[in-house]
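What follows is one structure encoded as structure tokens, with my remarks underneath.
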Amino acid sequence: MRRPKIAPSLLSADFAAIADQIAMVEAAGADELHLDTMDGRFVPNITWGMKIVKDLRRLTALPFDCHLMIVEPERYVDAFREAGADVITFHYEATPHPHRLLRHLREIGAKAGIAINPGTPAAMLEDLIEEIDRVLVMSVNPGFGGQSFIERALVKVEEVRAVLERRNPACEIEVDGGIGLANIERAVRAGADVLVAGNSVFAAGDPPAALREMRSRVDTARAASR
């Protein structure tokens, strides 16, 4: 069984001190960094694009998990890859040709990720499973940090895990939204491999301690699942 990864979400970081924030979570044991790109169309918020990803790439060797909450992601994935994205995740709901885009992501050397919103059934991925390197199950509605966790997401993680074990066991499951100490162990037991943590890390009184406690609980939960 894979050791689950913890991916602090830079959406919740203080960009006035972003180099220090990245160094802090890297030293505390972050496995990768989650970067949310929002376009004000697919979601009501606006964040950053390729220039920010390229500049941040100089600050760390941690893998970049770039989560594209944008319409027409196929227009931008090459530029995100060139900027330094290691995993590129687009939304199933944002493009009419997810199969083509998954294959293209692999062709340009990125891990191919696909995200599904809370209202999208896991069954919608049935015809894509073999092409996916990472399935991102949204446990909040995308667009803003700090939202409450949607419990139904854990059932969806279990559903995705059951399909992957039969047809693509190398594929990872990521959970994004409202992840913290109250639910991170349950997410791992449901089958999550990558846990995105935003406010629960960066808004904590002691972010490194919070991240280390999450790591301890994640490892304990995975060991108990064996």
Side-chain angles (χ1 to χ4, degrees), residues 1-14 18-37 52-53 56-68 80-81 83-89 105 109-115 132-139 145 149 153-154 157 160-161 164 168-204 206-226:
M1 298 180 71
R2 294 181 288 258
R3 188 188 194 202
K5 302 172 185 175
I6 299 177
S9 173
L10 295 186
L11 183 66
S12 298
D14 179 1
I18 193 61
D20 291 338
Q21 298 266 283
I22 289 174
M24 174 181 66
V25 295
E26 184 170 8
D31 297 291
E32 58 187 45
L33 295 174
H34 190 83
L35 285 76
D36 289 309
T37 292
I52 295 293
V53 173
L56 295 179
R57 182 71 282 173
R58 302 200 305 267
L59 300 178
T60 179
L62 286 176
F64 278 4
D65 171 20
C66 289
H67 178 192
L68 306 185
F80 274 97
R81 176 60 179 156
D86 300 289
V87 183
I88 299 178
T89 300
L105 288 172
K111 283 190 174 182
I114 190 165
I132 308 171
D133 295 312
R134 180 176 293 185
V135 174
L136 195 169
V137 175
M138 291 299 301
S139 45
F149 185 79
L154 296 181
V157 170
V160 174
R161 174 56 63 202
L164 291 177
N168 186 3
C171 181
E172 297 174 311
I173 300 177
E174 182 173 20
V175 181
D176 181 10
I179 288 289
L181 293 176
N183 52 35
I184 197 167
E185 293 169 272
R186 289 186 290 128
V188 171
R189 289 195 295 268
D193 300 295
V194 185
L195 295 308
V196 178
N199 279 3
S200 57
V201 171
F202 289 107
D206 186 340
L211 186 53
R212 287 193 291 268
E213 177 63 19
M214 287 183 192
R215 165 55 62 199
S216 176
R217 295 193 185 193
V218 162
D219 288 345
T220 298
R222 181 49 57 96
S225 299
R226 291 175 179 171

- request: Let me see the working for Met214 and Leu195 under side chain to side chain contact (heavy atoms under 4.5 Å, CB included), right down to the final yes or no.
  value: CA-CA 10 Å; Met214 287 183 192; Leu195 295 308; over 6 Å; no
message: Side chains of Leu164 and Val160, heavy atoms from C-beta outward: is any pair under 4.5 Å?
response: yes
Minimum side-chain heavy-atom gap Leu11-Phe202 below 4.5 Å: no
query: Just wondering, do Val25 and Ile6 contact through their side chains at under 4.5 Å, heavy atoms?
result: no
message: Just so I know, are the side chains of Leu211 and Val201 near enough to count as touching, which here means a heavy-atom distance under 4.5 Å?
response: yes
- request: With the side chain counted from C-beta on, respond yes when Pro63 and Val87 share a heavy-atom pair under 4.5 Å apart, and no when they do not.
  value: no
- prompt: Hey, does Val175 have a side-chain heavy atom less than 4.5 Å from the side chain of Asn183?
  reply: no
field: Heavy-atom pair of closest approach, residues Ala190 and Val157
entry: O-CG1, 3.5 Å
message: Rounded to the nearest 0.5 Å, what separates atom CD in Glu174 from atom NZ in Lys5?
response: 9.5 Å
task: Would you tell me whether His67 and Asp65 have side-chain atoms, one donor and one acceptor, within less than 3.5 Å of each other?
output: no
query: Which pair of heavy atoms, one from Met24 and one from Pro207, lies closest together, and at what distance?
result: CE-CB, 3.7 Å
Ser139 side-chain N/O to Asp176 backbone N/O, donor-acceptor pair under 3.5 Å: yes
- prompt: Any sub-3.5 Å donor-acceptor pair from Arg212's side-chain atoms to Gly29's backbone N or O?
  reply: no
query: Does some side-chain heavy atom of Arg215 sit less than 4.5 Å from a side-chain heavy atom of Asp31?
result: yes
field: Pair Ile179-Val196, side chain to side chain contact (heavy atoms under 4.5 Å, CB included): steps then yes or no
entry: CA-CA 7 Å; Ile179 288 289; Val196 178; 5.9 Å; no
query: Rounded to the nearest 0.5 Å, how far does CG of Leu35 lie from OG1 of Thr89?
result: 11.5 Å
- request: May I ask you to decide if Leu68's main-chain N or O and Thr37's side chain share a donor-acceptor pair within less than 3.5 Å?
  value: no
task: Check Pro4 against Val188 and note the closest heavy-atom contact, atom names and distance.
output: CG-CG1, 4.1 Å
- prompt: Where do Leu10 and Ile22 land on the side chain to side chain contact (heavy atoms under 4.5 Å, CB included) test, with the steps shown first?
  reply: CA-CA 8 Å; Leu10 295 186; Ile22 289 174; 4.1 Å; yes
- prompt: Rounded to the nearest 0.5 Å, how far does NE2 of His34 lie from CG of Leu62?
  reply: 14.5 Å
message: Looking at Gly84, is its backbone amide N or carbonyl O close enough to the side chain of Arg81 to form a donor-acceptor pair, meaning the two atoms are under 3.5 Å apart?
response: no
message: Tell me whether Arg134 is salt-bridged to Asp193, with the criterion being a basic N under 4.0 Å from an acidic carboxylate O.
response: no
- request: Mind checking the CZ-CD1 spacing from Phe149 to Ile184? Nearest 0.5 Å is all I need.
  value: 10.0 Å
query: Minimum heavy-atom separation for Phe64 to Val53, with atom names?
result: CE2-O, 3.6 Å
query: Which pair of heavy atoms, one from Leu105 and one from Gly113, lies closest together, and at what distance?
result: CD1-N, 4.3 Å
task: Working to the nearest 0.5 Å, report the span between CD of Glu185 and CZ of Arg222.
output: 12.5 Å
statement: Interatomic distance, CG@Asp206 vs CD@Glu213, rounded to 0.5 Å, equals 11.5 Å
- prompt: Salt bridge check: are Asp219 and Arg3 linked by an N-O gap of less than 4.0 Å?
  reply: yes
task: Check whether any side-chain N or O of Asn168 sits under 3.5 Å from a backbone N or O of Ile132 as a donor-acceptor pair, and report yes or no.
output: yes
statement: Tested for side chain to side chain contact (heavy atoms under 4.5 Å, CB included) against Asp36, the lone hit among Ser12, Cys66, Ser9 is Ser9
